[in-house]
Amino acid sequence: MAVILPDTTSSTRWVEFDAPYLKAAFAAAGLPPANLIVQNALGSDATQVSMAQSDITQGATVLIICPLDSGTGAHIEQLAKAAGVLVIDYDRLTLGGTRGYYVSFDNVRVGTVMGGGFTACVKAWHVKDPNVIVMQGAPTDNNATLFAQGYLGVLNPLFKAGTYKDISNPPGSWDPPTSLSEFQQQSTAHKNINAALIPNDANAAAIIHYLQGQGVKPQTFPTTGQDASLAGLQNILAGYQCGTVYKPIYLEAGATAALAMYLRAGKSPPSSLVSGSVMDTIAKVSIPSVLATPEWVNTANMNDTVIKDKFVPVSQLCTGQYASACQAAGISG
């Protein structure tokens, strides 16, 4: 079994959660550690291809890949197909690929949850005349497209009705400095922006730091995020981020391990495991899929979600300036 994760910058999750959860899930499934390799391409297309080639040469029978982009993923999947290696797309779908299965979260639902959390926060923070910048992830990431489909499904009716104003829609990136630059350019050009739909915690953290430097007060400028990162959760506690989309990655990792073990044994996975499907809009095929359910997390349910799941340790979350906010939110070990 070989797993190739994409990078360390688009989200902290790949190193902090996916890699250890996948190792634990395969161990629980009975796979000897010597039969598993988990790698990270560190943001390099060439590295991701090279890792896949090496894994195939070394005898991998199942390749689990979270592609940096669909072009790279499709190239790897062609190499795997030629060698008779089965492929699972992990978290990100390779458009135009040849993989047999896909394991992820319902990514349109991720966006819908984010949009719903945003609108609830705008109301709770009493933002009059919301003038919104709608940001996106990298255009090369199909998940970013699906996230946007979800949150625009919530926001577009409000824009059309005139309840909210759609001020700006920059191109998008998963690189926090790039995302910050986009935000700074647009907020300078449109000084009436007073709310931001931001698709992940890492991008939000850079933008929130900038807003704090501009003297923006807590619970006045709604922002969103995804991944339930430590920084994101602390920004929620501080009143600068409305909430974050929490994706219990252990569910995704566990489903991946179960599916891979069936494939390794040459058996078809049961419908109770592979119960969904996602359309590859380039290859024009429906991909059998395992899709977990995301959840919106804010101060009201943080203790019962990410803390209960031990996703983030209380000792790290509730330090220093965040201790009183944790207490107010009922967060305990």
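Just so it is clear, the structure is predicted and the values come from calculations on it, not from any experiment.
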Next on the checklist: Counting only heavy atoms not in Phe159 (residues, nucleotides, ligands), do more than 12 fall under 6.0 Å from its CZ?
Outcome noted: yes
Next on the checklist: Are there over 12 heavy-atom neighbours, none belonging to Gln53, within less than 6.0 Å of that residue's CD?
Outcome noted: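 Count over threshold, so yes.
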Heavy-atom pair of closest approach, residues [X] and [Y]:
{"X": "Ile331", "Y": "Val314", "result": "CG2-CG2, 4.2 Å"}
{"X": "Tyr151", "Y": "Gln136", "result": "OH-CG, 3.4 Å"}
{"X": "Val113", "Y": "Glu295", "result": "CG1-C, 4.1 Å"}
{"X": "Tyr246", "Y": "Asp309", "result": "OH-OD2, 2.7 Å"}
{"X": "Ala74", "Y": "Thr94", "result": "N-CG2, 3.2 Å"}
{"X": "Trp296", "Y": "Asn301", "result": "O-ND2, 2.9 Å"}

Between the side chain of [X] and the main-chain N/O of [Y], is any donor-acceptor distance below 3.5 Å?
{"X": "Glu182", "Y": "Gly172", "result": "yes"}
{"X": "Lys284", "Y": "Thr281", "result": "yes"}
{"X": "Thr256", "Y": "Glu252", "result": "yes"}
{"X": "Ser181", "Y": "Pro177", "result": "no"}
{"X": "Arg99", "Y": "Val87", "result": "no"}
{"X": "Asn203", "Y": "Ser173", "result": "yes"}
{"X": "Asp106", "Y": "Leu291", "result": "no"}
{"X": "Asp141", "Y": "Arg92", "result": "no"}
{"X": "Ser275", "Y": "Ser272", "result": "no"}
{"X": "Ser289", "Y": "Ile287", "result": "yes"}

Side-chain contact test, heavy atoms from C-beta onward, threshold under 4.5 Å: evaluate it for [X] versus [Y] and give yes or no.
{"X": "Ser332", "Y": "Asn303", "value": "yes"}
{"X": "Leu317", "Y": "Leu230", "value": "yes"}
{"X": "Phe183", "Y": "Leu211", "value": "yes"}
{"X": "Asp201", "Y": "Gln241", "value": "yes"}
{"X": "Phe147", "Y": "Asn200", "value": "no"}
{"X": "Phe118", "Y": "Tyr164", "value": "yes"}
{"X": "His209", "Y": "Pro176", "value": "no"}
{"X": "His75", "Y": "Thr72", "value": "no"}

Show which side-chain atoms of residues 221-228 pair as donor or acceptor with protein atoms under 3.5 Å away, not counting sequence neighbours.
{"unit_1": "Thr223", "atom_1": "OG1", "unit_2": "Tyr240", "atom_2": "O", "d": "2.8"}
{"unit_1": "Thr224", "atom_1": "OG1", "unit_2": "Ile198", "atom_2": "N", "d": "2.8"}
{"unit_1": "Thr224", "atom_1": "OG1", "unit_2": "Ile198", "atom_2": "O", "d": "2.7"}
{"unit_1": "Gln226", "atom_1": "OE1", "unit_2": "Lys247", "atom_2": "NZ", "d": "2.7"}
{"unit_1": "Gln226", "atom_1": "NE2", "unit_2": "Pro199", "atom_2": "O", "d": "2.8"}
{"unit_1": "Asp227", "atom_1": "OD2", "unit_2": "Ser11", "atom_2": "OG", "d": "3.0"}

Next on the checklist: Classify the ring geometry of Phe311 against Phe17: parallel below 30°, tilted from 30° to 60°, perpendicular beyond 60°.
Outcome noted: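 Plane angle under 30°, so parallel.
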Output the distance between atom [atom1] ([X]) and atom [atom2] ([Y]), rounded to the nearest 0.5 Å.
{"X": "Leu95", "Y": "Asp89", "atom1": "CG", "atom2": "CG", "value": "9.0 Å"}
{"X": "Cys66", "Y": "Gln48", "atom1": "SG", "atom2": "CD", "value": "7.5 Å"}
{"X": "Leu68", "Y": "Thr47", "atom1": "CG", "atom2": "OG1", "value": "9.0 Å"}
{"X": "Thr188", "Y": "Ile193", "atom1": "OG1", "atom2": "CD1", "value": "9.0 Å"}
{"X": "Thr61", "Y": "Asp55", "atom1": "OG1", "atom2": "CG", "value": "11.0 Å"}
{"X": "Leu22", "Y": "Met1", "atom1": "CG", "atom2": "CE", "value": "11.5 Å"}

Is there a path of hydrophobic side-chain contacts, each under 4.5 Å between heavy atoms, that joins [X] and [Y]?
{"X": "Met114", "Y": "Leu152", "value": "yes"}
{"X": "Ile37", "Y": "Leu31", "value": "no"}
{"X": "Leu86", "Y": "Ile56", "value": "no"}
{"X": "Tyr250", "Y": "Phe26", "value": "yes"}
{"X": "Ile133", "Y": "Trp174", "value": "no"}

Does a side chain donor of either [X] or [Y] reach within less than 3.5 Å of an acceptor in the other side chain?
{"X": "Tyr90", "Y": "Asp18", "result": "yes"}
{"X": "Trp14", "Y": "Asn40", "result": "no"}
{"X": "Thr140", "Y": "Asp69", "result": "no"}

Next on the checklist: Apply side-chain contact (heavy atoms from CB on, under 4.5 Å) to residues Leu146 and Val110 and explain how you reach the verdict.
Outcome noted: CA-CA 8 Å; Leu146 298 176; Val110 168; over 6 Å; no
Checklist entry - Given Val134 and Asp166, is the side-chain contact (heavy atoms from CB on, under 4.5 Å) satisfied, shown in steps? => result CA-CA 7 Å; Val134 181; Asp166 185 6; 4.0 Å; yes
